[in-house]
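Structure first, then comments.
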Amino acid sequence: MNRDSKIYIAGHRGLVGSALHRAAVRRGFTNVVVRTRAELDLRDAAAVERFFAAERPEYVFLAAAKVGGILANDTYPAEFIGDNLKIQVNVIDAAYRFGVRKLCFLGSSCVYPRLAPQPIKEDALLTGPLEPTNEWYAVAKIAGIKMCQAYARQYGFAAISLMPTNLYGPNDNFDLETSHVLPALLRKFHEARVEGRPSVTLWGTGTPRREFLHVDDLADAALWLMEHYDSPELVNVGVGEDISISELAELIRSIVGFEGAIEYDRTKPDGTPRKLLDVSKLHALGWRHRIGLREGIESTYAWYLENVANAARRSGA
Ligand code: GFB
């Protein structure tokens, strides 16, 4: 990619897309195209067609998706499969037909079987049953991977597919019903401290293990792989270490400064017991993450205070 190449970032207001946008601008890319959801509904094939015909981007990062935490996935299966399939089919097909030079597709570590051997290698894809709480999202993402591979095989279309582990950072969703665990815990501990509550209730048992990558590291990896990797075969993007949800809770509690008790609501799902990616392929290619978990959570908490908690207080909400 040249610094003046036309790059379209689909989903630039989301966690991943906004990080890609920041990273692209920081690296000196001067011709980045974005559209809000109101301007371009990516589920609308005709609208996507018109956009690609008019803009003719050279590179595409497909970071637009219907996403959410364990409960949102379980509650809205129709949207998690339907919206994601539509977005992917429309964008990948239009990108090929309107001459995009290369596309970066973003999947998820939940595409792998629920009980895949840990750490999970890329070749575990489609070797076993999926985790039921997120199989709708996973099936859509697997279809996206396969669509990229089919277009590569039949048409020679250059598409890479990255499988990020659980992500966190600025512009995350902090809604307690639909968010992922890390932003949910930041908010729960923060509000409990501010309101002087005696305890915080988390979901499940606290025993599942998860791996967390700061979204600025993911954006850096995606830009780097777009320039250094050229194969439709998957690449895992993670840190190579995981922690239990109860350990994560202790870490976030200490960062936020909450001194009360932690309780668990065992009626809520745990999800997959463990989801640690094998990142040896990524390391062999030459990329490693930089942001440590404590440092990343501290800066995300600072972002939350400035942009969500204090902003709500300032507006009287
Ligand atoms: O991040 P999370 O919602 O999704 O939940 P997954 C991770 C773990 O944290 C689960 C526990 O064991 C939850 O039960 N947890 C504890 C909580 N307290 C909370 C809380 O207050 N909120 C939330 N959200 N979780 C998602 C998939 O799975 O991972 C998506 O559903 C996607 O499809 C994403 O792949 C990366 O890690 O279980």
Side-chain angles (χ1 to χ4, degrees), residues 14-16 63 65-77 79-81 83-85 106-116 118 120 125 130-145 162-169 172-192 197 199-215 218 236-239 242-253 256 258 261-277 293 297 300 304:
L15 174 68
V16 172
K66 171 84 181 164
V67 299
I70 192 164
L71 205 61
N73 269 267
D74 215 18
T75 314
Y76 307 106
E79 286 157 41
F80 274 83
I81 192 164
D83 287 1
N84 285 316
L85 285 174
L106 288 152
S108 164
S109 57
C110 73
V111 299
Y112 294 115
R114 170 183 163 82
L115 298 178
Q118 308 281 324
I120 310 172
L125 189 72
L130 297 165
E131 156 61 32
T133 53
N134 59 34
E135 63 179 332
W136 322 98
Y137 179 74
V139 165
K141 288 291 178 187
I142 293 170
I145 296 165
L162 315 187
M163 297 309 115
T165 193
N166 287 34
L167 301 169
Y168 70 97
D172 209 339
N173 169 15
F174 288 87
D175 179 287
L176 293 180
E177 288 297 307
T178 59
S179 66
H180 288 98
V181 61
L182 199 150
L185 267 52
L186 272 176
R187 179 170 170 184
K188 284 182 176 178
F189 285 121
H190 171 74
E191 291 183 350
R197 284 198 238 126
S199 65
V200 158
T201 304
L202 309 185
W203 296 350
T205 60
T207 56
R209 300 184 70 82
R210 295 289 185 273
E211 176 188 15
F212 296 95
L213 176 72
H214 192 285
V215 73
L218 173 75
N236 289 339
V237 185
V239 300
D242 62 359
I243 63 170
S244 70
I245 297 302
S246 57
E247 288 165 341
L248 176 74
E250 286 301 337
L251 179 58
I252 297 181
R253 171 163 68 171
V256 172
F258 173 69
I262 297 177
E263 289 168 1
Y264 288 91
D265 173 358
R266 288 160 200 270
T267 65
K268 293 282 196 307
D270 264 344
T272 189
R274 197 173 182 203
K275 198 167 48 166
L276 174 64
L277 293 178
L293 186 56
I297 296 175
T300 303
Y304 169 79

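Predicted model, so just to flag it, every value in this text is computed and none were measured. The residues of the chain are indexed from 1 along the displayed sequence. Counting starts at 1 for both ligands and their atoms, in listed order.
Less than 4.0 angstrom separates some heavy atom of C110 from each of these atoms of ligand 1: 33 (O), 35 (O). Close approach of ligand 1 to I70 is summarised as follows: ligand atoms under 4.0 Å from at least one heavy atom of the residue are 2 (P), 3 (O), 4 (O), 31 (O), 38 (O). Which parts of ligand 1 touch G69 is read off a 4.0 Å heavy-atom cut-off, strictly below it: atoms 3 (O), 31 (O). Here is the list of ligand 1 atoms found below 4.0 Å of a heavy atom in R210: 6 (P), 7 (C), 37 (O), 38 (O). In summary, the atoms of ligand 1 found under 4.0 Å from a heavy atom of Y137, numbered by their order in the structure, are 33 (O), 35 (O). The P269 neighbourhood of ligand 1 comprises atoms 13 (C), 14 (O), with distances under 4.0 Å to a heavy atom of that residue.
Scanning all protein heavy atoms for the shortest distance to atom 36 (C) of ligand 1 gives N166 OD1, 3.4 Å. Scanning the protein heavy atoms around atom 10 (C) of ligand 1, the nearest turns out to be D270 O, 3.3 Å. Counting protein heavy atoms only, atom 30 (C) of ligand 1 is closest to N73 ND2, 3.5 Å. Nearest protein heavy-atom neighbour of atom 35 (O) of ligand 1: S108 OG, 2.9 Å.
Rounding to the nearest 0.5 angstrom, the gap separating the CG atom in L293 from the CD atom in E247 is 10.5 Å. Separation of atoms CD1 (I297) and CZ (F212) is listed at 7.5 Å; rounding is to 0.5 Å. For the atom pair OG1 of T75 and CZ of F80, the computed distance is 8.5 Å after rounding to the nearest 0.5 Å.
Taking the six-membered ring for Trp and thresholds of 30 and 60 degrees, F174 and Y304 have ring planes inclined between 30 and 60 degrees apart.
Using modelled atom types and a 3.5 Å distance limit, the side chains of E211 and T165 yield a donor-acceptor pair. Side-chain atoms of N173 and T178 include a donor-acceptor pair closer than 3.5 Å. Side chains of K275 and N166: a donor on one and an acceptor on the other come within 3.5 Å. Side-chain atoms of D270 and T205 form a donor-acceptor pair, as typed in the model, at a separation below 3.5 Å.
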Evaluate salt bridge (Lys or Arg N to Asp or Glu O under 4.0 Å) for D242 paired with R209, printing each intermediate quantity in order. CA-CA 6 Å; D242 62 359; R209 300 184 70 82; 3.3 Å; yes

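With a heavy-atom cut-off of 4.0 Å, I245 touches ligand 1 through its side chain alone. With a heavy-atom cut-off of 4.0 Å, N134 touches ligand 1 through its side chain alone. Contact annotation for W203 and ligand 1: heavy atoms of both the backbone and the side chain come within less than 4.0 Å of the ligand. Looking at E131 against ligand 1, nothing comes within 4.0 Å, counting heavy atoms.
You'll find the side chain of L202 stays beyond 4.5 Å of the side chain of E263, heavy atoms only.
When atom types are taken as modelled, the side chain of Q118 and the backbone of I120 share no donor-acceptor pair closer than 3.5 angstrom.
Checking D265, V181, T207 against atom 25 (N) of ligand 1, the nearest heavy atom belongs to V181. Of the candidates P208, G107, A184, S179, S179 brings a heavy atom nearest to atom 24 (N) of ligand 1. Closest heavy-atom approach to atom 28 (O) of ligand 1 within the set H180, K275, K268, K141: this belongs to K275.
Closest of all the heavy-atom pairs between P164 and G107 is CD-O, 3.3 Å.
Checked against a 3.5 angstrom limit, the closest N/O atoms of K188 and ligand 1 fall inside it.
Contact between A72 and ligand 1 is absent, with no heavy atom of the residue lying under 4.0 Å from the ligand.
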